[in-house]
Amino acid sequence: MEALDNTTIESAAITKLKDLLIQTCRVVPNIQENNTIPSWDGELYVYNGKSRDKGNLLGRIPVQVKGTVVKSYKKSFSVSIKDLQNYLKDNGVIFYVIKLTNFRNYRIYSKPLLPFDIERILKSATGQDTVSIKMNLIDNNNPDLVYEELVEFIVNRNMHRRLPEINSLYDLSISNIPVEGIGISVPALALNPTRDVYDTILGKEVFVYAKLRDINMQIVVDKITPNQVSQKIDESVYINGEPVSYGFSIGKQLGGQIFLELCEGLTLLVGQKDFSTQVNYKSTGSLKQQLTALKIFKAFLEGQSITIGAHKLLYKDCGLDDGSDVSEFYKRYEFLTQIQKVLDILHVKKDLDLNALTSRDEEKLKYLIDAFLYQKPVPITLPNHSLLGTMVIGNLKVIMYSKYIESTGKSKLHDIASLTNVTLSPKGSTEQSPCSIYVMFSHNALSTIDNMDLGIIEESILNTPLSQLYQNRIIIFILELLKFYDRQSEKDFDILDAVINLSTYIKNHSNDMDTQITCELNSLQANKRRRVLTFDENSYLIELKSYSKIPYTCLAASILLESFKEAEYIYSKFSQKEISDFQTYPITNLWPGHEEKFNDYPYDCLFIDNM
């Protein structure tokens with residue numbers, strides 16, 4: 001092509017861009033040739049249809065247009081830093097580059113630049129006069145896609161609230177900003193709802209927004225290019241008619257590959273012609289996640305019937321992504337199954353993080369399998385051959401009791417729920433009363449030990465013969481349950497139910513009026529933690545204050561009635577010892593400014609050591 005002057009190149013570039021924009025029938029370009037305005041060449045007026053009525057105007061977009069003659073096409077283009085700084089002040093721009101090899105052969109490239117994009121570019125180009133940016137190739141034969149890009153620019157510009165310190169999802173994750181939800185903006189789907197969702201998003205730059213909690217505002221936090229997109233489907237996966245998991249993901253990868261993720265570590269690639277399924281398994285995830293994946297993959301290996309909802313899966317190939325032998329797969333399945341059986345025996349509901357296990361942890365697990373599944377003595381001993389001990393395995397901490405066998409130097413391990421010959425003795429006394437081992441634990445043990453099952457605890461306590469000494473111990477344990485509840489970040493109402501059940505049990509089996517009142521107050525403070533007290537409950541407290549002579553009781557009633565000024569008056573009459581004692585009670589957590597100190601009771605009769 002004969003050498004052209006800059007004026008001719010610019011005129012050709014603007015003409016070709018205008019021609020494309022006019023084809024949308026919804027864009028009015030106002031781009032001047034040979035203009036002297038710094039950084040900009042004009043603007044586009046984008047309408048919500050073919051009508052040019054003012055009320056139909058979606059927005060105005062500043063543009064910069066560059067024309068250049070090239071021998072080959074490349075997507076990158078050099079931009080002035082000063083121009084970018086001006087675009088940032090003007091809340092963004094769309095940068096167009098028209099590359100010509102001759103008048104008939106050309107390509108049009110675009111780069112929408114919103115403030116979030118510009119700031120990222122400027123941060124990466126500190127000290128430079130220019131920076132190379134990657135452009136997007138425009139399909140000259142599809143003006144609808146050109147229009148979509150303009151609409152997306154306007155929509156995202158209107159949503160473009162930012163926090164200076166947040167430039168990525170990682171920045172957001174390490175911040176203390178409370179977030180209600182994360183989402184992406186894809187305005188093109190609103191323009192054409194019949195379009196394939198996956199194809200609209202895959203391989204395309206999209207902004208990620210975060211909705212701030214307690215504030216009606218969302219901020220832009222990142223810009224990503226998804227290479228796969230999936231959605232959660234609420235359907236059960238069945239093996240031979242038996243449900244094994246609930247919920248799976250179906251999605252599409254860049255390039256068109258459809259996949260189903262039945263669970264963590266188990267992916268199905270669906271053939272686009274015959275819809276047959278290739279099964280890929282990879283060892284990853286927690287114990288329960290891996291067991292679910294292993295169970296389903298085992299069914300694939302053995303040719304069992306697998307359905308999702310009412311749809312039967314057709315499959316042909318099964319593969320182990322880590323390259324291991326199938327026999328090793330069965331060994332691991334057996335090993336993990338045994339671990340789960342042991343945790344079930346110990347009443348551990350928390351999932352085991354297999355990624356957190358050390359070689360020592362795996363050795364402990366093998367000992368537990370021998371001890372609990374095969375009743376074998378194991379080479380684990382407690383200091384001074386203590387009765388109770390805790391064992392830490394990865395992210396789990398479990399408590400057991402052991403019987404030391406002198407002749408072998410080994411111990412037999414047992415779940416503490418089977419420890420039934422526990423007795424309680426007051427200091428300096430030979431009196432012994434049967435008790436459940438669980439009433440000896442503080443709120444700290446309840447919150448840190450993972451095999452504290454509330455159902456087992458409550459059953460054990462209620463099935464132990466009641467004595468005055470044991471009754472008093474249960475009342476103290478009820479307070480520990482309330483402290484345990486107050487410490488939780490995610491509240492478990494089952495704890496409050498246990499408090500009410502145990503308090504009712506003591507109240508119904510005691511003839512002592514003060515004990516009955518204490519139990520009633522404990523039930524009421526449990527209810528107060530999850531709801532407003534009823535008229536009858538408040539009436540009981542008002543009546544209680546009118547006749548009770550016990551300061552602790554009157555103070556507790558005032559707190560539950562939220563009569564805090566009266567509570568302060570009663571509290572001001574307490575001795576220093578009474579104040580110190582009352583500060584350890586969990587009811588203070590219902591009294592603003594007087595939160596309990598969470599001091600543990602010293603239990604001289606219980607020793608817990610680490611295995």
Side-chain angles (χ1 to χ4, degrees), residues 1-47 52 58-114 117-118 121 125 128-154 156-157 204-205:
M1 178 176 172
E2 183 180 340
L4 301 175
D5 60 83
N6 290 336
T7 301
T8 303
I9 294 172
E10 179 185 353
S11 178
I14 291 175
T15 299
K16 296 183 183 305
L17 177 61
K18 280 185 173 181
D19 179 61
L20 178 61
L21 293 170
I22 291 171
Q23 290 180 53
T24 68
C25 300
R26 289 164 287 184
V27 179
V28 176
N30 181 22
I31 305 171
Q32 304 300 320
E33 298 179 18
N34 304 317
N35 80 84
T36 58
I37 301 173
S39 302
W40 296 273
D41 288 314
E43 60 271 326
L44 308 179
Y45 294 92
V46 183
Y47 290 85
R52 299 296 183 265
L58 280 178
R60 166 191 168 277
I61 302 175
V63 296
Q64 170 75 299
V65 182
K66 294 290 184 181
T68 181
V69 176
V70 298
K71 292 183 179 180
S72 61
Y73 298 111
K74 294 181 180 179
K75 287 189 175 182
S76 59
F77 194 80
S78 183
V79 181
S80 163
I81 293 296
K82 290 182 179 179
D83 282 343
L84 288 172
Q85 291 169 341
N86 287 336
Y87 302 150
L88 182 60
K89 296 173 187 175
D90 199 35
N91 208 26
V93 71
I94 293 186
F95 199 93
Y96 287 104
V97 177
I98 295 84
K99 297 186 177 185
L100 305 97
T101 56
N102 54 53
F103 281 114
R104 292 186 177 181
N105 297 308
Y106 64 92
R107 290 182 182 177
I108 300 177
Y109 298 84
S110 69
K111 186 64 176 182
L113 294 171
L114 285 165
D117 306 301
I118 299 170
I121 295 171
Q128 300 174 206
D129 294 327
T130 62
V131 62
S132 179
I133 61 174
K134 185 177 180 180
M135 309 292 292
N136 303 322
L137 177 62
I138 291 178
D139 183 355
N140 296 348
N141 298 314
N142 197 336
D144 286 342
L145 291 180
V146 177
Y147 180 73
E148 284 180 8
E149 182 177 75
L150 302 179
V151 172
E152 289 191 346
F153 181 91
I154 293 171
N156 282 307
R157 184 177 60 186
K204 180 179 180 179
E205 290 182 315

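Between the side chains of N30 and Q32, at least one donor N or O lies within less than 3.5 Å of an accepting N or O.
Contact between V93 and P62 at its shortest, heavy atoms only, is CG2-O, 3.2 Å. Taking all atoms of both residues into account, the shortest heavy-atom contact from S76 to K99 is O-NZ, 3.1 Å. Nearest heavy atom pair, residue A12 against residue L100, reads CB-CD2, 4.2 Å. The nearest pair of heavy atoms linking P112 to D117 is O-OD2, 3.8 Å. Contact detail for L150 and I61: the closest heavy-atom pair is O-CD1, 3.7 Å. When all heavy atoms of I81 and Q128 are compared, the closest pair comes out as CG1-O, 3.2 Å.
Atom CD1 in I14 sits 8.0 Å away from atom CD1 in I98 (nearest 0.5 Å). Note that CD of E149 and OG1 of T24 are 12.0 Å apart. Values are rounded to the nearest 0.5 Å. Taking CD from E43 and CD1 from I94, the interatomic distance works out to 12.5 Å, rounded to the nearest 0.5 Å. Note: L20 CG to D139 CG = 9.0 Å, rounded to the nearest 0.5 Å. Rounded to the nearest 0.5 Å, atoms CG (N91) and CD1 (I118) are 8.5 Å apart. In this structure, CG in L17 is found 10.0 Å from OH in Y106, a value given to the nearest 0.5 Å.
Between Y87 and F95, the two ring planes are perpendicular [angle over 60°; tilted spans 30° to 60°].
With contacts defined as side-chain heavy-atom distances shorter than 4.5 Å, the pair L113/I121 qualifies. Side chains of N140 and V146 form no contact here, defined as non-hydrogen atoms less than 4.5 Å apart. Under the 4.5 Å side-chain criterion, counting only non-hydrogen atoms from C-beta, V70 is in contact with T101. Side-chain contact between Y96 and L21 is present, with heavy atoms from C-beta onward closer than 4.5 Å. The shortest side-chain heavy-atom distance between L145 and I138 does not fall under the 4.5 Å cut-off. Using a 4.5 Å heavy-atom cutoff, the side chains of Q64 and W40 are not in contact. Taking the side chain as every heavy atom from C-beta outward, T15 and E33 approach each other to under 4.5 Å.
In this structure, the side chain of K16 does not engage the main chain of I108 through any donor-acceptor pair within 3.5 Å. Between the Y147 side chain and the C25 main chain, no donor and acceptor come within less than 3.5 Å of each other. A donor-acceptor pair under 3.5 Å is absent between the side-chain atoms of S11 and the main chain of T7, judged by distance alone. Between the side chain of K18 and the main chain of P29, no donor-acceptor pair closer than 3.5 Å is present. With hydrogens and angles ignored, the 3.5 Å screen pairs no side-chain donor or acceptor of N86 with any backbone N or O of S39.
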Give the intermediate values and the outcome of side chain to side chain contact (heavy atoms under 4.5 Å, CB included) for residues K204 and E152. CA-CA 12 Å; K204 180 179 180 179; E152 289 191 346; 2.7 Å; yes

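The pair K111-E205 counts as a salt bridge, with a side-chain nitrogen and a carboxylate oxygen less than 4.0 angstrom apart.
The number of heavy-atom neighbours closer than 6.0 Å to CG of N105, taken from other residues, nucleotides and ligands shown, is above 12.
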